[in-house]
Amino acid sequence: MVKPHPENRITPAVPSPPPEPAFAQGLRFYKLFWIFFAGCFLGVVVETVFCLITLFRLVNRTGLLYGPFNLVYGLGALVMTLGLHWLSKKHVVWIFLGGMVLGGGFEYLCSWVQEQLFGTVSWEYSHFPLNLNGRINLLFSVFWGILAVVWIRWLYPLLSRLIEKIPRKIGIPLTWILLVFMLFNITVSALAVGRQSQRHKGIPASDPISVYFDEHYPDEYLRRVFPSMQFVN
């Protein structure tokens, strides 16, 4: 019997490893965090450009102490995504109306919560026609509707594809690093503004934490960081 030459033997095919799953698929934790993070940043950029065009000057529109981030825009992006994603295939009229209701309600809630927690507001619309307690008005609700259409039809799908292209070995640890940073940023910002509210009421520093915030985040510094924030009488 003639044995086959070693070079003529058929080598069994080695199965290729399954493709790595895309990072942040679906509307789950990783995707939602990156939508929030991107919204915090992009909202500041858009409003800064808007103020530059309409007011002809640069206005600081950040809402946190560190970095060009604003919670209102980040949370707004989450509200729009989760609340209107199911309308993505519907007529734009429904997305527009949904954006008006969600955006206006969200803006009202943010203003109310800020006033209850810190005794301050960052916007006041009493001089606008058709306003509700100075917290929202019809014109800006219309803007929310337009933004909802742009976000659901174009920006969110593009952002979602870009997020899913992040390699998992980079995206997962980077998400947790940014999450810790944002939690720290939010906490320090809230404590600094809370202590500013206490100073406004004449409450002296009675513990080391209050003393620290008085020394490192005085009123002059916070007025530069949050120029639109005003105390409610």
Side-chain angles (χ1 to χ4, degrees), residues 33-81 99-100 102-128 131-151 154-156 159 178-179 181-197 200 216-232:
F33 172 80
W34 280 91
I35 290 172
F36 164 77
F37 186 79
C40 287
F41 172 74
L42 294 176
V44 172
V45 173
V46 171
E47 189 165 0
T48 300
V49 173
F50 177 79
C51 291
L52 183 62
I53 294 173
T54 57
L55 303 177
F56 305 104
R57 60 189 176 91
L58 287 174
V59 179
N60 187 1
R61 303 304 297 171
T62 59
L64 296 173
L65 287 173
Y66 301 108
F69 306 109
N70 192 311
L71 279 180
V72 173
Y73 302 121
L75 293 175
L78 286 179
V79 169
M80 288 292 179
T81 302
M100 283 188 63
L102 276 181
F106 172 72
E107 189 174 16
Y108 190 100
L109 179 63
C110 287
S111 175
W112 182 83
V113 169
Q114 179 181 343
E115 182 177 344
Q116 297 302 311
L117 290 178
F118 307 113
T120 63
V121 292
S122 294
W123 57 87
E124 215 286 323
Y125 300 142
S126 295
H127 57 289
F128 280 83
N131 74 83
L132 182 60
N133 298 328
R135 302 188 192 278
I136 59 172
N137 65 80
L138 181 61
L139 176 62
F140 283 91
S141 294
V142 170
F143 287 163
W144 276 108
I146 296 172
L147 178 61
V149 173
V150 174
W151 177 261
W154 294 289
L155 291 183
Y156 168 72
L159 181 61
L178 292 176
L179 176 62
F181 164 71
M182 291 300 288
L183 289 175
F184 168 80
N185 202 359
I186 293 168
T187 302
V188 174
S189 300
L191 290 175
V193 174
R195 178 57 196 147
Q196 182 189 30
S197 179
H200 182 74
H216 291 82
Y217 305 101
D219 292 347
E220 297 78 12
Y221 175 78
L222 293 179
R223 278 195 290 267
R224 291 196 301 270
V225 178
F226 311 126
S228 300
M229 189 173 65
Q230 299 178 354
F231 284 95
V232 178

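Numbers here are sequence positions counted from 1. Quick caveat: nothing in here was measured; it's all calculated off a predicted structure.
- Listed here is the closest heavy atom pair of Y108 and L132: CE1-O, 3.6 Å.
- Between the side chain of N60 and the main chain of P227, no donor-acceptor pair closer than 3.5 Å is present.
- R135 approaches E115 most closely through the heavy-atom pair NH2-OE1, 2.8 Å.
- For the pair R195 and Y217, the minimum side-chain heavy-atom distance is 4.5 Å or more.
- Separating the CD atom in Q114 from the CG atom in L71 is a distance of 10.5 Å, to the nearest 0.5 Å.
- Between the CG atom of L147 and the CG atom of L102 there is a distance of 11.5 Å, given to the nearest 0.5 Å.
- Interatomic distance, L42 CG to L155 CG, rounded to the nearest 0.5 Å: 8.0 Å.
- Ring geometry for H200 against F231 counts as parallel: the plane angle stays under 30°, on a 0 to 90° scale with 60° as the upper cut.
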Can T120 and F226 be said to form a side-chain contact (heavy atoms from CB on, under 4.5 Å), step by step? CA-CA 11 Å; T120 63; F226 311 126; over 6 Å; no

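- F140 and F143 have perpendicular rings, their planes meeting at more than 60° on a 0 to 90° scale where under 30° would count as parallel.
- Residue P68 comes nearest to T62 through the heavy atom pair CA-CG2, 3.7 Å, listed as atom of the first residue, atom of the second, then distance.
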Kindly indicate, with the supporting measurements, whether the criterion side-chain contact (heavy atoms from CB on, under 4.5 Å) is fulfilled by Y221 and H216. CA-CA 9 Å; Y221 175 78; H216 291 82; over 6 Å; no

Residues L179, F37; criterion side-chain contact (heavy atoms from CB on, under 4.5 Å); working and verdict: CA-CA 9 Å; L179 176 62; F37 186 79; over 6 Å; no

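- Applying the 6.0 Å contact sphere to CZ of F181 captures more than 12 heavy atoms from other residues, nucleotides or ligands.
- You'll find the side chain of L138 reaches within 4.5 Å of the side chain of M100, heavy atoms only.
- Closest non-hydrogen pair, S141 versus G104, comes out as OG-CA, 4.1 Å.
- Side-chain contact check for Y125 versus L139: every heavy-atom pair is 4.5 Å or farther apart.
- When all heavy atoms of N131 and S126 are compared, the pair lying nearest together is ND2-O, 3.4 Å.
- Formation of a donor-acceptor pair under 3.5 Å by the T187 side chain with backbone atoms of L183 is found in this model.
- Here OG of S122 is found 11.0 Å from CD of E107. Values are rounded to the nearest 0.5 Å.
- Atom SG of residue C40 and atom CG of residue L78 lie 8.0 Å apart, to the nearest 0.5 angstrom.
- With a 4.5 Å cut-off on side-chain heavy atoms, S111 and W123 count as touching.
- With hydrogens and angles ignored, the 3.5 Å screen pairs a side-chain donor or acceptor of N70 with a backbone N or O of V72.
- The aromatic rings of F33 and F36 sit tilted relative to each other, their planes meeting at an angle between 30° and 60°.
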Stepwise side-chain contact (heavy atoms from CB on, under 4.5 Å) check, L64 with M182: CA-CA 9 Å; L64 296 173; M182 291 300 288; 3.9 Å; yes

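- Shown here for G99 and A148, the closest heavy-atom pair between the two residues is CA-CB, 3.5 Å.
- Using a distance-only test at 3.5 Å, with no hydrogens or angles considered, a donor-acceptor pair links the side chain of S189 to the main chain of L65.
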